[in-house]
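The chains referred to below are lettered A, B, ... by the order of the sequence lines, with proteins before strands, and numbering in each begins at 1. Fair warning: this is a prediction, and the values are worked out from it, not measured in the lab.
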Amino acid sequence: MTTSPQTDPGPLRQSARSKRATRIADAASGGWKVVAAKILGLGVVDAIAIYALFVLVRSESWLVAGLVAAVTLLVNWIYFSRGKLPAKYLAPGLIFLAIFQIFVLLYSGYIAFTNYGTGHNSTKEDAVNALLLSSQNRVEDSPSYKLTVLEQLGEISFLVTEPDGSVSIGGNERPLEDVRNAQLEGGVAVGLNGYTSLGFQDIIAKQTEIAAISVPLTDDPNDGMLRTPDGSSAFLYTSSLEYDEAAGTMRDTNSGTVYSDIGTGAFTSDAGQELLPGWKIDVGFDNFIRAFSEESIRGPLISVTVWTFAFAFLSVFTTFALGLFLAIVFNDKRMKSRKYYRIIMILPYAFPGFLSALVWAGMMNQEFGFINTVLLGGAEVPWLTNEWLAKGSVLFVNLWLGFPYMFLVTTGALQAIPEELTEAATVDGAKPWAIFRFVKLPLLLVSVAPLLISSFAFNFNNFNLIYMLTNGGPRDVSAGVNVGATDILISMVYKVAFVGANRDYGLASAFAIIIFILVAGISIISFRRTKSLEELN
Amino acid sequence: MTTATQQHNPDAVIDPDAAVVGHPKRPFKRYFRETGWRHLVGIAMSIFAAFPLLYVFSASLNPGGTLVTANSLFSNFSFQSYVDLFNRPQQPYAAWFGNTLLIGGISSLGTVFLGALAAYAFSRMRFIGRRVGLLTLLLVQMFPQLLAVVAIFLLLSGISEIFPAIGLNSQIGLIMVYLGGALGVNTYLMYGFFNTVPSSIDEAAKIDGAGHARIFFTIILRLVAPILAVVGLLSFVGTTSEFVIASIVLIDPDKQTLAVGLYQFVSQEFSRNWSIFAAGAVLAAIPVMTLFLFLQKYIVGGLTAGSVK
Amino acid sequence: MKVTKRGLWAVGALTVTASLVLTGCTAASDTTDSAAGNGGSLTVWVDADRASVLKDAAADFTAETGVEVKLVQKEFGDIRDQFVAQVPTGKGPDIVIGAHDWLGTFVTNGVVAPVELGDKADDFQAVGVTAMSYEGQVYGVPYSIENIALVRNTALAPSTPATFDEMVTMGEAAGTEYPFLVGLDPEAADPYHLYPFQTSFGAPVFGTDADGSYDAEALEIGNAGGDEFAAWLAEQGAAGVLNTNITGDLAKEKFVAGEAPFYLTGPWNVPAAVEAGIDVAIDPIPSAGGEDAQPFVGVQGFFVSAKSENALAANEFIVNYMGSEEVQTALFEVGGRAPALTASFEAASADPIVAGFGTVGENAVPMPSIPAMGAVWEFWGVTEAAIINGGDPTSLWQKMSGDIQTAIAG
């Protein structure tokens with residue numbers, strides 16, 4: 001940026017020929033840096049891509065490998081061919097956007113069509129595994145066996161010593177047999193001729209294999225199986241569930257109830273009882289149907305929607321008005337120490353938002369808060385516990401949190417308005433307010449209108465503020481739904497889909513998509529209007 | 001607050017233009033009309049902006065105290081919390097501070113660069129899908145991020161299998177995630193500003209034989225310096241205060257950022273340490289303030305006024 | 001000319017690519033070499049507080065067994081959701097530290113494996129093992145047990161009150177600004193801290209089934225005792241004894257400043273008071289309704305992932321190592337949380353404060369970990385706050401009970 005010896009355009013008239021000469025010289029001298037950067041950049045990208053392809057092909061992830069190859073080719077094509085100027089400028093940002101934003105969006109969209117959430121967290125295989133694991137019940141009053149793990153010709157055996165001192169050996173599917181000639185140490189069998197005793201290190205090295213071993217106590221499998229949780233002791237377990245792989249059903253060995261996979265993502269008995277965990281399945285539009293039929297949503301829906309719009313609109317309006325006002329106030333060159341005022345203005349922006357929300361909540365405490373005790377001389381104004389005051393307080397705190405952003409943005413945007421314009425208007429005898437209203441503001445809006453729309457969308461989904469300051473409250477406890485006066489759509493969705501520790505990601509995603517369609521629709525309509533603004537330019 | 005703003009707004013515009021030349025000795029009335037009232041606004045707003053943060057500062061000087069002391073500000077004056085902050089082996093504050101500067105710095109530079117490239121294309125070139133593309137950039141960012149954490153974890157754990165160096169628990173990985181948001185609102189902000197730079201400047205340069213890259217890097221970028229500084233600052237603040245994604249991506253304590261680390265001081269419901277947390281937050285605000293102090297001359301330096309001719 | 005120029009580019013780019021790929025490959029093979037040939041390693045998620053405590057214990061375990069223990073520091077509040085989300089991807093840890101009331105979520109999601117305490121089960125305090133059980137199966141090794149108790153400023157109140165009313169009388173006699181403090185939230189009160197009073201009226205949240213675990217079908221909160229408790233809340237709210245504007249932080253601050261003789265809180269707030277020079281005694285929670293005042297007990301412990309590939313090492317670590325007396329005592333000495341192992345607890349009871357909370361804890365009940373509890377939390381606190389602030393006790397309480405019932409039935 002700093003080295004540009006050739007930018008100074010000579011005032012001399014140049015012939016077409018000398019101009020071309022200049023251009024070539026230009027490309028040769030100043031251009032080589034660009035070329036070098038390009039070669040280096042593309043080289044790095046290609047190297048990464050080729051390495052990724054190696055790994056992907058080796059792990060047989062063909063789809064991802066194909067995508068990587070296609071994107072790499074596209075990038076090379078864009079930068080090696082002539083023209084494609086817009087693509088050359090857009091590609092770097094778009095690649096990051098596609099990977100880290102579009103993917104997130106598509107993933108959320110996909111989740112909306114599944115039952116992903118508490119109890120439906122993983123694959124069917126994991127669910128079967130977890131069910132079988134937790135159905136292992138230790139046989140009541142059974143002793144704990146001292147265990148030595150033995151190995152013979154690669155086969156693992158369990159050498160167990162009962163509390164009464166008797167020693168026996170068994171293996172996977174090989175019931176226990178008594179052993180007489182074991183080597184004892186302190187009453188515990190530690191070795192057997194012909195077998196190698198495994199030390200802790202060896203056990204750890206083979207732990208997956210050893211953990212899977214279950215040694216039948218007798219020939220009758222109903223007597224239970226010996227398993228080891230730690231490699232040094234074994235316990236007798238019976239399983240209360242049995243998985244029939246061929247039929248794909250779970251059977252409760254105590255009651256005989258059969259639970260089968262009926263396509264709802266969990267083993268279900270004929271009586272309708274589900275075994276959890278289940279697994280993740282696709283459920284089509286079920287989540288969207290639930291989103292519209294959910295009782296706890298439908299009741300407060302209208303009031304929450306109205307408040308969400310009011311909150312988002314007023315938040316944008318107040319922060320923009322204050323930010324712009326301050327930007328103009330501090331934009332006067334005659335004013336001294338504006339620099340320091342400006343720094344103080346962005347203070348609220350420099351601290352973590354949740355910290356500020358906590359401080360405000362404390363200051364707004366009805367009985368002990370600063371606002372009531374000091375500013376209002378001991379009044380007991382219920383700032384956060386009265387429905388309307390809480391709404392006002394939320395807006396007020398959001399103003400405090402948000403005006404520095406608008407202040408910064410408008411301060412920057414104001415620099416784009418040439419002073420000549422205002423001067424000219426003044427000379428023409430325009431009143432200051434009229435200059436602001438008809439000259440400055442429209443120009444300003446050209447650059448900040450999209451930001452206002454995006455700020456609207458941000459506040460529409462401003463979950464953090466609501467969650468930290470009021471958590472949606474105050475609530476009307478007689479209403480019977482977990483929705484309060486300051487709840488906006490997104491915080492209501494959160495409360496409906498995430499109850500306590502239960503997470504219903506499928507439902508939450510469906511709501512997210514619905515809200516997105518709503519916000520995006522409003523934004524597109526607003527854009528139509530800014531389009532006319534833009535043509536002002 | 002809203003009403004006050006509206007009442008003052010007209011005045012805000014009356015003054016800068018009404019008075020043309022300031023005399024060395026101005027009568028008070030005139031002084032007040034020109035700049036005096038601005039100081040009043042400035043002082044009032046400074047109190048509004050800074051007051052709640054006095055609680056944070058006061059808490060940081062009161063080891064073992066709570067965040068919102070019952071209105072007894074600065075009852076204690078001890079810097080012990082600041083000392084403690086740097087003496088916790090499990091919570092390496094100094095490392096967090098460095099990481100934050102690094103991650104925030106690189107992400108904001110990257111954001112400015114990628115955003116400016118895109119804004120230039122949108123502002124100066126005409127191509128199919130330009131308007132739709134612009135709109136899409138904005139819409140993508142409006143999607144409620146309820147599941148972003150799950151998706152980003154999956155994505156980065158996938159990347160980890162290929163390139164452990166840029167996947168989970170890698171600061172480069174986190175920077176890449178942040179760069180995913182480089183296009184979007186920022187592009188718009190720059191796009192709007194780029195549009196105010198007359199295209200006659202480009203044309204002139206083109207006639208003088210400059211290529212598009214040269215025009216962009218040596219002419220346009222200089223002219224739009226104010227907005228580059230604004231976007232850089234915005235994205236620096238954004239990345240340094242972000243902690244949801246950072247807490248998923250960065251695992252080792254000495255790789256984490258301030259926002260993630262600081263939150264640990266107060267996330268434990270029963271062993272919150274407000275004082276140390278407040279001290280950490282006060283120090284964490286310093287880079288943002290310093291950066292703003294440094295960038296201010298670019299933001300309001302009036303570069304455009306001089307050169308757009 | 002242009003062709004050659006672009007040809008040059010391509011060659012240049014290829015060179016860069018090739019050299020980078022080569023270095024990339026060599027670097028990659030280096031890392032695989034060094035990673036191979038390792039005995040085994042355990043990844044453990046802990047929060048910052050416990051990380052420092054576990055560090056030495058983990059190093060000792062590695063020295064003894066050769067199994068590397070990698071402690072990953074997480075925010076305590078994040079551990080639950082991240083564990084549930086990451087175990088299915090196969091990227092989760094082998095072991096997590098957690099609170100017992102997460103167990104319902106863990107089991108429903110199939111992310112934890114049962115743990116066999118074997119003969120060790122009897123060495124732990126009974127409430128610890130009960131809390132770590134879900135539907136009769138033990139899933140975790142308890143490590144610390146915490147509950148609230150009445151903290152008394154002995155300079156302001158010389159003797160232990162027997163009932164709530166007696167405590168208030170003593171508190172008023174002390175002449176301080178507040179007779180009694182408990183941290184509440186203006187919007188959601190605090191069911192956890194108020195629970196002992198609720199149980200003293202004979203109104204637990206859930207009944208228990210045959211094996212002693214909570215039964216979501218048997219909601220007890222709305223019984224006759226519940227109504228009496230609600231009426232009591234209204235009365236105390238009107239009298240100003242319970243004040244929802246006194247938040248947790250304010251209550252702590254005021255007790256530390258000597259503005260009240262009694263403070264209902266847990267061991268975590270005691271050090272601040274002791275440091276401020278207050279001589280405290282730990283008393284049983286006085287009964288308000290005549291029956292025993294049973295607080296909730298919170299048990300923290302270690303869980304093993306259902307998809308751990310190091311299950312044996314993980315069990316060895318948490319059962320035989322973390323469950324041993326030396327380690328539990330050492331953990332107490334560093335972290336100050338009352339140990340769950342009886343022998344270690346007895347050693348720790350030399351400290352009168354630990355002993356005092358422990359005595360109260362003998363009477364305590366585990367906080368329910370069943371998923372239905374989520375529905376209870378939704379309605380419980382706000383109703384209490386509404387009643388304390390002047391709402392009609394009986395109708396609100398019954399409404400709450402009905403709402404919870406509906407929410408559980410889903």
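Residues A:Pro277 and C:Asn109 fail the side-chain proximity criterion, which asks for heavy atoms closer than 4.5 Å. At a threshold of 4.5 Å between non-hydrogen side-chain atoms, the residues C:Trp377 and A:Val499 do not count as touching. Side-chain contact between C:Pro114 and A:Gln136 is absent, with no heavy atoms from C-beta onward closer than 4.5 Å. Contact annotation: the side chain of C:Met400 never approaches that of A:Val477 to less than 4.5 Å [non-hydrogen atoms, C-beta and beyond].
Under the 3.5 Å distance criterion, with hydrogens and angles disregarded, no donor-acceptor pair is assigned to the side chains of A:Asn471 and C:Glu187.
Between chain A and the options C:Ala188, C:Ala375, C:Ala311, heavy-atom pairs under 4.5 Å are most frequent for C:Ala311. The greatest number of non-hydrogen atom pairs below 4.5 Å with chain A, out of C:Glu135, C:Lys399, C:Glu378, is found for C:Glu378. Contacts with chain C were tallied for A:Val55, A:Thr208, A:Thr118, A:Thr123; A:Thr118 has the most, counting heavy-atom pairs under 4.5 Å. Chain C forms more heavy-atom pairs under 4.5 Å with one residue of A:Ser134, A:Ala130, A:Ser144 than with any other, namely A:Ser134.
Interface residue C:Tyr139: only side-chain heavy atoms are found under 4.5 Å from chain A. Contact of C:Val319 with chain A is not made at all, since no heavy-atom distance falls under 4.5 Å.
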Under the side-chain contact (heavy atoms from CB on, under 4.5 Å) rule, what do A:Arg475 and C:Phe379 come out as? Steps first, then yes or no, please. CA-CA 10 Å; A:Arg475 245 171 78 187; C:Phe379 297 96; 3.4 Å; yes
Chi angles and distances behind the side-chain contact (heavy atoms from CB on, under 4.5 Å) call for A:Ile204, C:Thr65: CA-CA 9 Å; A:Ile204 293 303; C:Thr65 61; over 6 Å; no
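Scanning residues 99-107 of chain C against chain A with a 4.5 Å heavy-atom cutoff picks out C:Thr105, C:Val107, ordered by number.
One finds a salt bridge joining A:Arg138 and C:Glu116 here, because a Lys/Arg side-chain nitrogen approaches an Asp/Glu carboxylate oxygen to under 4.0 Å.
A:Gln207 places a side-chain N or O within donor-acceptor distance of the main-chain N or O of C:Ala313, the cut-off being under 3.5 Å.
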